Colleague: 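Take a look at the following structure, please.
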Amino acid sequence: MQVPLFLHHQPTPMPPSNSLIWFRKGLRIHDNPALDHAIKHTKHLFPIFILDPHYLAPDLTAFSPGSNRSGLNRIQFMLECLVDLDSSLGKLGSRLLVFNGDPIQVLTRLLKEWDVKKLCFEYGTEPYYQDLDKQVKSFASAAGIDVFSPVSHTLFNPADIIQKNGGRPPMSYQSFIKLAGNPSPPLTTTISSLPPVGNVGDYEMLRVPTIKELGYGDNTQEEFSPFRGGESEALKRLKEALGGKEWVANFEKPKGDPSMFLKPATTVLSPYLKFGCLSSRYFYQCLQDVYKRVKKHTLPPVSLVGQLLWRDFFYTAAFGTSNFDQMKGNRICKQIPWNDKDELLVAWREGRTGYPWIDAIMVQLQKWGWMHHLARHSVACFLTRGDLFIHWEKGRDVFERLLIDSDWAINNGNWMWLSCSSFFYQYNRVYSPISFGKKYDPNGKFIRHFLPVLKATTATFQNLDIVIVLYSSIMIISVTKYQLSDMPKEYIYEPWTAPLTVQTKANCIIGKDYPKPVVDHNIASKECKKKMGEAYALNRANNGLVGEEDLKGLRRKLEDDQHQDSKSRTQKQKLVG
DNA sequence: ACGAAGTTGCGTCT
DNA sequence: AGACGCAACTTCGT
């Protein structure tokens with residue numbers, strides 16, 4: 001049923017006044033309870049978005065172009081979301097007012113100067129929003145401003161689930177499902193027009209800025225994400241996905257092919273859910289509608305609906321766990337003596353581990369800001385418990401910066417999952433950086449696509465710029481030298497095993513044109529499993545309360561053991577030789 | 001206390 | 001393609 005907007009009867013004696021909707025996530029018109037509420041009984045509506053310099057100021061010291069919090073792909077994606085939102089608001093007789101500055105300062109000033117009586121914004125469950133919103137709400141209540149802050153980013157209210165579970169978030173998916181039940185349906189109101197924007201006073205009205213205007217103009221990124229931001233794009237993408245009825249009904253997440261990139265094996269709706277361009281409740285309802293029209297469909301956890309529930313599962317766990325984004329002081333996180341080998345971290349980050357499958361995925365991350373979830377698993381396992389034994393927080397930082405869909409709860413949750421720090425504990429199951437990719441893509445098409453030329457790392461490109469100026473012909477040679485694409489498929493996953501004649505013919509000498517593997521997977525994974533076993537034992541013995549000193553002690557012991565092992569390996573090799 | 005189950009491992013066998 | 005051993009984790013429910 002559609003109700004004309006200004007006929008809503010409000011049992012309030014007050015005359016219509018000014019409302020402000022503050023967009024943060026939830027960059028959409030459809031199923032937007034904060035917007036729906038903001039337009040009721042309202043004379044003027046001020047729709048605002050605040051560009052926070054703490055988040056967006058360019059940072060030249062970061063390892064990739066962008067701000068200190070985000071790479072360029074996600075900033076670009078967000079700006080596209082804002083442009084689309086502005087255009088949608090425009091069609092309804094309004095517009096998006098964009099401001100620059102500290103959110104609290106900007107917001108409190110605007111509320112005062114515009115005589116706002118009602119402030120609406122989507123509830124934020126992340127610590128960042130919890131802190132921010134506490135300040136905003138206390139200001140509003142002192143100033144006599146009504147605040148409406150509905151939970152509409154997730155299917156459920158995490159607080160409800162935690163309460164139902166006796167105050168703690170459920171730690172397994174099945175127990176979460178049992179508690180969750182069915183989500184409430186999305187709003188059905190269709191907005192046909194919006195109250196006019198009031199007099200904005202002396203403010204200079206910014207349009208949504210471009211990447212260049214934000215000061216990232218001289219970026220060295222060579223290829224941008226193929227995914228465009230915005231609600232319109234989200235709904236288009238959703239419609240396309242839902243059109244494949246059978247595909248939706250038969251979707252099984254673990255069976256997806258991580259090497260598909262021209263036509264990804266998943267919906268790629270995650271970035272739109274992250275920014276709230278797509279309502280999770282609307283998506284959920286659309287999926288239920290498809291299920292009703294087919295005979296048989298897959299079920300959680302592997303189905304598409306199951307994926308939405310995973311999202312809520314992690315949001316709930318994150319909301320109910322202090323220090324969710326770190327190992328120390330995190331009740332649910334195993335204390336593990338990860339090592340601190342920066343050169344290995346950088347090799348992983350820049351896609352030069354010497355394992356083409358791993359490196360190609362990391363290049364896809366740099367260029368596209370998106371990879372298939374199994375590809376994420378593969379590289380996350382490799383960095384942490386599988387091969388390099390580097391802290392999951394370091395990998396988390398890289399993903400958080402570069403993924404266009406990076407989402408605080410989900411990203412941290414998955415890093416704990418993959419590193420066997422929480423949620424998942426079967427550390428003996430290690431992804432092979434060789435055979436895992438091979439089983440989907442035996443010819444190495446994915447590798448050949450993402451590793452044909454030099455990677456778009458800042459350092460490399462800075463060096464190259466100089467080369468271009470001075471010796472342009474040499475540059476061309478050095479680029480072609482890095483080709484891995486001609487490596488025969490027998491060796492594409494393990495190029496170091498190719499005979500020198502093959503390497504020469506492929507124009508790719510291992511150790512010179514493409515790196516040698518940074519670790520031997522067979523040895524490294526065995527050592528990692530052993531370390532995990534000892535770390536688990538320590539956590540068990542200390543009943544989860546592992547102190548700094550305990551961890552230091554175990555780290556020393558493990559390093560000694562490893563030293564002994566490698567010594568005996570060398571001796572064995574000598575004997576064999 | 002105990003058993004069952006757990007979104008997505010690998011290698012080897014048939 | 002599917003089953004099994006590998007070696008064994010935790011959480012949840014009884």
Side-chain angles (χ1 to χ4, degrees), chain A residues 161 164-166 168-180 250-260 264-267 270 297-314 316-317 320-321 330-336 355 357-358 361 371-382 384-387 410 413-442 493-494 520-544:
Chain A
I161 307 241
K164 275 192 213 166
N165 197 44
R168 285 195 170 187
M171 290 303 288
S172 80
Y173 186 75
Q174 292 308 331
S175 55
F176 171 84
I177 297 284
K178 278 184 193 139
L179 292 163
N250 296 322
F251 183 90
E252 273 183 75
K253 187 73 164 277
K255 292 199 175 152
D257 179 346
S259 72
M260 303 237 294
T266 52
T267 60
S270 54
H297 63 84
T298 52
L299 291 167
V302 297
S303 63
L304 275 174
V305 160
Q307 304 314 301
L308 278 174
L309 292 166
W310 276 109
R311 178 171 177 270
D312 266 58
F313 170 75
F314 283 122
T316 307
T321 309
N330 182 345
R331 187 176 59 77
I332 67 166
C333 184
K334 287 247 181 294
Q335 305 298 302
I336 295 170
Y355 288 93
W357 170 249
I358 300 296
I361 294 167
M371 324 88 101
H372 187 274
H373 73 113
L374 287 179
R376 301 179 195 202
H377 281 208
S378 208
V379 296
C381 179
F382 186 86
T384 56
R385 67 181 168 87
D387 290 86
I410 300 169
N414 273 309
W415 273 98
M416 278 191 268
W417 183 296
L418 261 300
S419 64
C420 286
S421 296
S422 196
F423 305 112
F424 177 78
Y425 306 94
Q426 285 172 281
Y427 56 78
N428 278 307
R429 298 186 187 172
V430 172
Y431 289 88
S432 162
I434 298 154
S435 46
F436 184 70
K438 204 187 275 181
K439 103 184 137 192
Y440 298 98
D441 181 14
Y493 285 87
E494 317 164 74
D520 179 328
H521 172 69
N522 285 327
I523 295 167
S525 62
K526 276 198 193 86
E527 282 170 357
C528 282
K529 287 175 191 173
K530 185 169 162 272
K531 288 179 190 172
M532 290 299 287
E534 300 213 23
Y536 268 45
L538 179 67
N539 279 265
R540 218 177 305 127
N542 293 29
N543 211 3

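Below, read A as the first sequence line, B as the second, and so on, with proteins coming before strands; counting in each chain starts at 1. Just so we're clear, the structure is a prediction, and the values are computed from it rather than from any experiment.
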Colleague: Check whether any side-chain heavy atom of A:T266 sits under 4.5 Å from a side-chain heavy atom of A:H372, and report yes or no.
Modeller: yes
Colleague: Taking C-beta and beyond as the side chain, do A:S422 and A:Y425 meet within less than 4.5 Å on heavy atoms?
Modeller: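 Yes, close enough: below the 4.5 Å cut-off.
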Colleague: Does the side chain of A:W415 come within less than 4.5 Å of A:T384's, by heavy atoms?
Modeller: yes
Colleague: Can you name the residues that form a side-chain hydrogen bond (donor to acceptor under 3.5 Å, both in side chains) with A:S270, not counting sequence neighbours?
Modeller: A:D405
Colleague: Measure the CZ-CE distance between A:F314 and A:M416 for me, rounded to the nearest 0.5 Å.
Modeller: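 So the CZ of A:F314 and the CE of A:M416 are separated by 8.5 Å.
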Colleague: Under 6.0 Å from the NZ atom of A:K164, do we count more than 12 heavy atoms belonging to anything else shown?
Modeller: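 Counting other residues, nucleotides and ligands, NZ of A:K164 exceeds 12 neighbours.
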Colleague: Given atom CG of A:N165 and atom C1' of C:dG13, what is their separation to the nearest angstrom?
Modeller: 13 Å
Colleague: Name the stems that DNA chain B belongs to, where each is three or more consecutive Watson-Crick or G-U pairs with both distances under 3.5 Å?
Modeller: B:1-6 with C:9-14, B:9-14 with C:1-6
Colleague: Taking protein heavy atoms under 4.0 Å as touching, what does nucleotides 5-12 of chain B look like 5' to 3' if B marks base contact, S marks sugar-phosphate-only contact and - marks none?
Modeller: -BBBBSS-
Colleague: Using whole Å, what does the distance between atom C1' of nucleotide C:dA7 and atom OH of A:Y536 come to?
Modeller: 14 Å
Colleague: Taking atom C1' of C:dA7 as reference, at what distance in whole Å does atom NZ of A:K531 sit?
Modeller: 20 Å
Colleague: When the distance from CZ of A:R540 to P of C:dA8 is rounded to whole Å, what number comes out?
Modeller: 10 Å
Colleague: Send over the distance from A:K178 NZ to C:dT14 C1', rounded to a whole Å.
Modeller: 11 Å
Colleague: Looking at CG of A:L374 and CG of A:D257, how far apart are the two atoms once the value is rounded to the nearest 0.5 Å?
Modeller: 9.0 Å
Colleague: Could you tell me whether A:E534 and A:K529 have a side-chain N and a carboxylate O separated by less than 4.0 Å?
Modeller: no
